[in-house]
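Taking it in order: structure first as structure tokens, then the write-up.
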Amino acid sequence: GRGRRWGDRDPGRSRWSDRSIDRASERASKRASERAGDRSAAGDERGDGMPLWAKDDDRGSDGGAGGCANALHTTLVCNRLMLLGVTLVLGVVNVVILSQALGAINQDPLFVYIYPSARQTGQLVCLGAAIFIGDAVIGFVAGFKRYVGVVKFFMFFTFGMLIFNLVCFQLVKGLGEEDQLKVQVLEFKQGWMDAVAEVAAGNDESGVLTGFFSDLSNAGNCCGFDSTTDLAQNPAVLRCSRSEPCQEFLAAHVSEEIQSLSQKYIVLAGLMATIFAALVFFLIRVIPQPVHREFAGGYYYV
């Protein structure tokens with residue numbers, strides 16, 4: 001018969017060529033998927049939930065695969081911002097606690113002279129606040145630099161410090177209980193007499209102590225600790241002529257001051273616990289997983 005002219009197609013060869021092309025395409029797609037899996041297993045060095053080799057314009061802005069990648073990126077960014085915000089708040093709150101505690105144990109005559117054993121608890125609170133400030137700095141740097149291991153340490157250490165704050169609150173609250181104040185009567189009396197001796201000697205703290213005794217006697221309408229005539233408790237320099245001693249009023253005043261401090265402390269500690277719980281919620285919530293997005297040359301991991 002008639003020979004095949006130039007340009008005619010061989011049916012057998014055409015079918016073979018189509019099958020070969022299909023197999024080649026499948027192999028190319030498989031190799032692209034394997035390369036994507038290897039790159040994914042290599043780790044997220046960029047730290048934002050996307051591989052280093054995922055281009056910014058491939059993250060997608062639609063509701064498909066790119067939208068899923070965008071959701072992952074947004075979630076991780078929110079987590080990071082939440083961590084930075086929480087560490088800042090924790091640092092500021094503990095700076096406030098530290099300043100309040102230092103002012104009480106170093107400047108308030110009530111704790112410097114009258115109730116010196118309460119200073120030990122105050123020093124413990126100061127130590128905890130200082131450690132918490134350091135912990136907040138570590139957490140902020142870890143969140144800013146994206147050190148995952150350090151962030152985990154920060155989370156566990158912060159939880160332990162919150163427990164420590166709860167213990168400190170119980171200690172501070174116990175200082176103002178009635179039974180504890182009865183036990184401290186002798187300490188109160190000795191502290192009162194030491195403060196009066198400072199005033200009588202005219203030392204540097206005499207002006208502050210004179211104002212403290214004047215305010216106390218005016219508020220309680222009293223003089224001396226348990227005697228109004230004993231010059232060791234009520235010297236002439238104080239110019240106090242009231243007939244009632246200040247022992248009972250002083251105990252009530254100490255109790256009120258400690259209750260006020262403990263209320264401020266528990267409010268700040270509760271604030272720290274609340275924002276830490278919010279941080280934990282953000283970090284453990286379900287995060288959309290990255291998906292594969294199809295391109296002309298196969299599957300590209302985004």
Side-chain angles (χ1 to χ4, degrees), residues 90 92-133 135 158-199 205 208-227 232-233 244-274:
L90 288 176
V92 171
V93 169
N94 279 279
V95 167
V96 173
I97 292 176
L98 182 62
S99 62
Q100 292 284 333
L102 286 175
I105 65 177
N106 293 324
Q107 299 178 3
D108 192 342
L110 187 65
F111 299 107
V112 176
Y113 290 96
I114 307 300
Y115 200 178
S117 63
R119 297 186 67 193
Q120 299 176 358
T121 303
Q123 291 170 353
L124 186 64
V125 172
C126 291
L127 177 63
I131 294 175
F132 222 140
I133 293 172
D135 177 52
T158 301
F159 179 76
M161 289 303 300
L162 291 174
I163 301 298
F164 177 81
N165 275 345
L166 181 61
V167 173
C168 288
F169 166 73
Q170 293 296 332
L171 292 175
V172 172
K173 183 180 178 181
L175 292 173
E177 293 181 354
E178 184 178 355
D179 295 338
Q180 179 67 22
L181 294 177
K182 290 180 179 179
V183 175
Q184 303 296 332
V185 170
L186 294 179
E187 180 181 2
F188 290 168
K189 183 175 181 178
Q190 185 61 46
W192 182 287
M193 296 178 68
D194 292 341
V196 167
E198 291 285 334
V199 174
E205 299 293 328
V208 175
L209 291 172
T210 300
F212 168 75
F213 284 121
S214 177
D215 294 339
L216 193 67
S217 63
N218 291 332
N221 195 26
C222 58
C223 292
F225 182 75
D226 57 7
S227 174
Q233 300 182 31
E244 294 294 330
C246 295
Q247 179 176 346
E248 294 183 1
F249 178 77
L250 178 63
H253 179 64
V254 170
S255 179
E256 290 177 359
E257 287 293 319
I258 292 178
Q259 286 180 5
S260 176
L261 291 175
S262 63
Q263 288 174 357
K264 295 177 182 178
Y265 189 56
I266 194 60
V267 168
L268 295 175
L271 174 62
M272 290 189 291
T274 301

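Positions are given from 1 along the sequence.
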**Request:** Could you tell me whether the side chain of Asn94 and the main chain of Leu90 form a donor-acceptor pair under 3.5 Å?
**Result:** yes
**Prompt:** Considering residues, nucleotides and ligands other than Ile163, do more than 12 of their heavy atoms fall under 6.0 Å from its CD1?
**Reply:** yes
**Message:** Please check: side-chain N/O of Tyr115 versus main-chain N/O of Leu175, any donor-acceptor pairing under 3.5 Å?
**Reply:** yes
**Request:** Indicate yes or no for a side-chain donor-acceptor contact from Gln247 to the backbone of Asp226 under 3.5 Å, with no hydrogens or angles considered.
**Result:** no
**Asked** Which atom names give the shortest non-hydrogen contact between Val112 and Ile105, and what distance separates them?
**Response** CG2-O, 3.5 Å
**Request:** Locate the shortest heavy-atom distance separating Ala195 from Leu209; write the atom from each residue and the value.
**Result:** O-CD1, 3.6 Å
**Item:** Derivation of the side-chain contact (heavy atoms from CB on, under 4.5 Å) call for Tyr113 and Glu198
**Value:** CA-CA 10 Å; Tyr113 290 96; Glu198 291 285 334; 3.9 Å; yes
**Message:** Are there over 12 heavy-atom neighbours, none belonging to Gln123, within less than 6.0 Å of that residue's CD?
**Reply:** yes
**Request:** Report yes or no: does Gln180 contribute a side-chain atom to a donor-acceptor pair with the main-chain N or O of Gly174 at less than 3.5 Å?
**Result:** no
**Separation of Leu102 CG from Ile97 CD1 (nearest 0.5 Å)** = 11.5 Å
**Item:** Heavy-atom closest contact (Val208 atom, Pro109 atom, distance)
**Value:** CG1-CG, 3.9 Å
**Asked** Just how far is it from atom CD of Glu248 to atom CZ of Phe225, taken to the nearest 0.5 Å?
**Response** 10.0 Å
**Message:** Test your reading of the model: is there a side-chain donor-acceptor pair from Ser260 to the backbone of Glu256, 3.5 Å cut-off?
**Reply:** no
**Gap between atom CG of Asp108 and atom CZ of Arg119 - 0.5 Å precision** = 10.5 Å
**Request:** Begin with the C-alpha distance, continue with both residues' side-chain angles, and end with the deciding distance and a verdict on side-chain contact (heavy atoms from CB on, under 4.5 Å) for Val93 and Phe132.
**Result:** CA-CA 10 Å; Val93 169; Phe132 222 140; over 6 Å; no
**Asked** What's the verdict on side-chain contact (heavy atoms from CB on, under 4.5 Å) for Leu261 and Phe111, showing C-alpha distance, side-chain angles and the deciding distance?
**Response** CA-CA 12 Å; Leu261 291 175; Phe111 299 107; 3.9 Å; yes
**Fill in**
d(Asn221 CG, Leu216 CG) to nearest 0.5 Å is 11.5 Å
**Fill in**
Note: Gly128 and Phe164 closest approach over all heavy atoms is CA-CE2, 3.4 Å
**Prompt:** Any idea which heavy atoms bring Ile114 and Phe188 closest together, and the distance?
**Reply:** O-CD2, 3.3 Å
**Request:** Starting at SG of Cys126, measure out to CG of Asn106 and round the result to the nearest 0.5 Å.
**Result:** 7.5 Å
**Asked** Would you say Ser255's side chain and Ala251's backbone share a donor-acceptor pair under 3.5 angstrom?
**Response** no
**Item:** Donor-acceptor under 3.5 Å (Gln259 side chain, Gly176 main chain)
**Value:** no
**Request:** Please lay out, stage by stage, how Asn218 and Ser214 fare under the test side-chain contact (heavy atoms from CB on, under 4.5 Å).
**Result:** CA-CA 6 Å; Asn218 291 332; Ser214 177; 3.5 Å; yes
**Asked** Take atom CD in Gln120; do more than 12 heavy atoms of anything else shown fall under 6.0 Å from it?
**Response** no
**Asked** How many angstroms lie between atom CZ of Phe169 and atom CG of Leu268, to the nearest 0.5 angstrom?
**Response** 11.5 Å
**Prompt:** What do you reckon, Cys246 and Cys222 SGs under 2.5 Å?
**Reply:** yes
**Request:** Return the minimal non-hydrogen interatomic distance between Gln184 and Ser117, and the atom names on each side.
**Result:** OE1-OG, 3.8 Å
